[in-house]
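Shown next, in structure tokens, is the structure this report addresses.
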Amino acid sequence: MPELPEVETVRISLHDKLVGQEITWLKVREFIGVLGGDDPAAFSARVVNRTVASTRRRGKYILIDLDDGSVLVVHLRMTGNLSLLHRHDEKVRFEHLAIGIGDEMSLRFADQRKFGRVVHLLPQEAGTIESKVGPEPLSASFSAEVLTSSLQRRTGPIKSILLNQKVIAGIGNIYADEALFRARIHPLTPANELSVLQIHSLHRAIRQVLREGLLNRGTSISHFRDGAGQEGENQDNLKVYGKGRIGAPCPRCGQPLQFLVIGGRSSHFCPKCQRSSLTY
DNA sequence: TGTTATGTTGCCAT
DNA sequence: TATGGCAACATAAC
């Protein structure tokens, strides 16, 4: 479900309603594992009575900064969902954690598949997130040169490399396929065989598809909703993702799109527009 | 009714 | 270190 645009959409939808609010109570439901092995009572003791200082996003992580320098780290994985409801609203389906926000609201974390986590990092642990992810693709520091240097020593298929969070933070299966289509690069191309022009094209395409995803407030193919329960619109903007299996026509050339499993992930592309050794 | 796929990541083996 | 396979889990769609 959630890649950079979706995660950022959730964060933005919650930010103003969380900042400055006190965490007043906390309830862990049946799935205690949501806390990543932490003890519910200890977790609660560290978090309750703290105030939300700010929210941030790093890759696919939502970071909720508390006033003591500690951080609530939320990862939605495949089917995780954050929603801000009134405190007396019914428990939502698959709810694993409810966090009281001020006197009236509660932030619910729900996750059908139980892969997602909400962990609390002490101030001295807050840096561990940084060691898990690479550059932010929409930041000014993510240049074509930065991308070049991380691709040139890798031999794996570019599709798989784009999914590596240490190479670029926040790209998932949808935006990887969309970026490769825009850059006209075959997903199986070994990363270190891309030409300078192809890397520049890919760099531009990555930023473009992520920005569009963000402007459309995320891609809602099945599960995705923002913090207010709103669906995104970017599913209408997808050019190839999900279309290869049915052989839908390429929006550029009309050829049937193709489907491949690459690194265990479904991959959709145009065999004509995205050729393996395209020289400019 | 059974099988298969699902947008993520970490662990394990090579 | 880089890469690939697979498991974690629940459900919908075939």
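Throughout, protein chains are lettered first and strands after them, A, B, ... in sequence-line order, and every chain is numbered starting at 1.
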**Study point:** Step-by-step salt bridge (Lys or Arg N to Asp or Glu O under 4.0 Å) determination, A:Asp177 to A:Lys159
**Key:** CA-CA 7 Å; A:Asp177 278 4; A:Lys159 166 66 188 277; 2.8 Å; yes
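- Within the 4.0 Å cut-off from OP1 or OP2 of B:dT8, not a single side-chain nitrogen or oxygen of A:Gln165 is found.
- For DNA chain C, the stems formed by at least three consecutive Watson-Crick or G-U pairs, with both atom-pair distances below 3.5 Å, span B:2-6 with C:10-14, B:8-14 with C:2-8.
- In this structure, the nucleotide among B:dT8, C:dT3, C:dT11 sitting nearest to the side chain of A:Thr155 is C:dT3.
- Note on A:Phe94: only backbone sugar-phosphate atoms sit closer than 4.0 angstrom, heavy atoms only; bases stay farther off.
- In this structure, A:Ile161 reaches the sugar-phosphate backbone alone: every heavy-atom distance under 4.0 Å involves primed, P, OP1 or OP2 atoms, never a base.
- Counting non-hydrogen atoms under 4.0 angstrom, A:Arg117 reaches nothing in the nucleic acid.
- Applying the 4.0 Å criterion to OP1 and OP2 of C:dA8, one finds that A:Lys114 has every side-chain N and O outside that range.
- Put simply, the side chain of A:Arg113 and the base of B:dT6 share a donor and an acceptor less than 3.5 Å apart.
- Between A:His96 and A:Phe109, the angle of the ring planes lies from 30° to 60°, which puts this pair in the tilted group.
- Heavy atoms of A:Arg153 sit under 4.0 angstrom from primed sugar atoms or phosphate atoms, though from no base atom.
- Side-chain contact between A:Glu231 and A:Arg225: present, with at least one pair of heavy atoms (C-beta onward) separated by less than 4.5 Å.
- Below 30°, between 30° and 60°, or above 60°: for A:His203 and A:Phe142 the angle between ring planes is between 30° and 60°, a tilted geometry.
- At a threshold of 4.0 angstrom between heavy atoms, the contacts of A:Pro157 are confined to the sugar-phosphate backbone, with no base atom among them.
- Using a 4.5 Å cut-off on side-chain heavy atoms (C-beta onward), A:Glu6 and A:Leu76 make no contact.
- Between the side chain of A:Lys239 and the backbone N or O of A:Asn237 there is at least one donor-acceptor pair closer than 3.5 Å.
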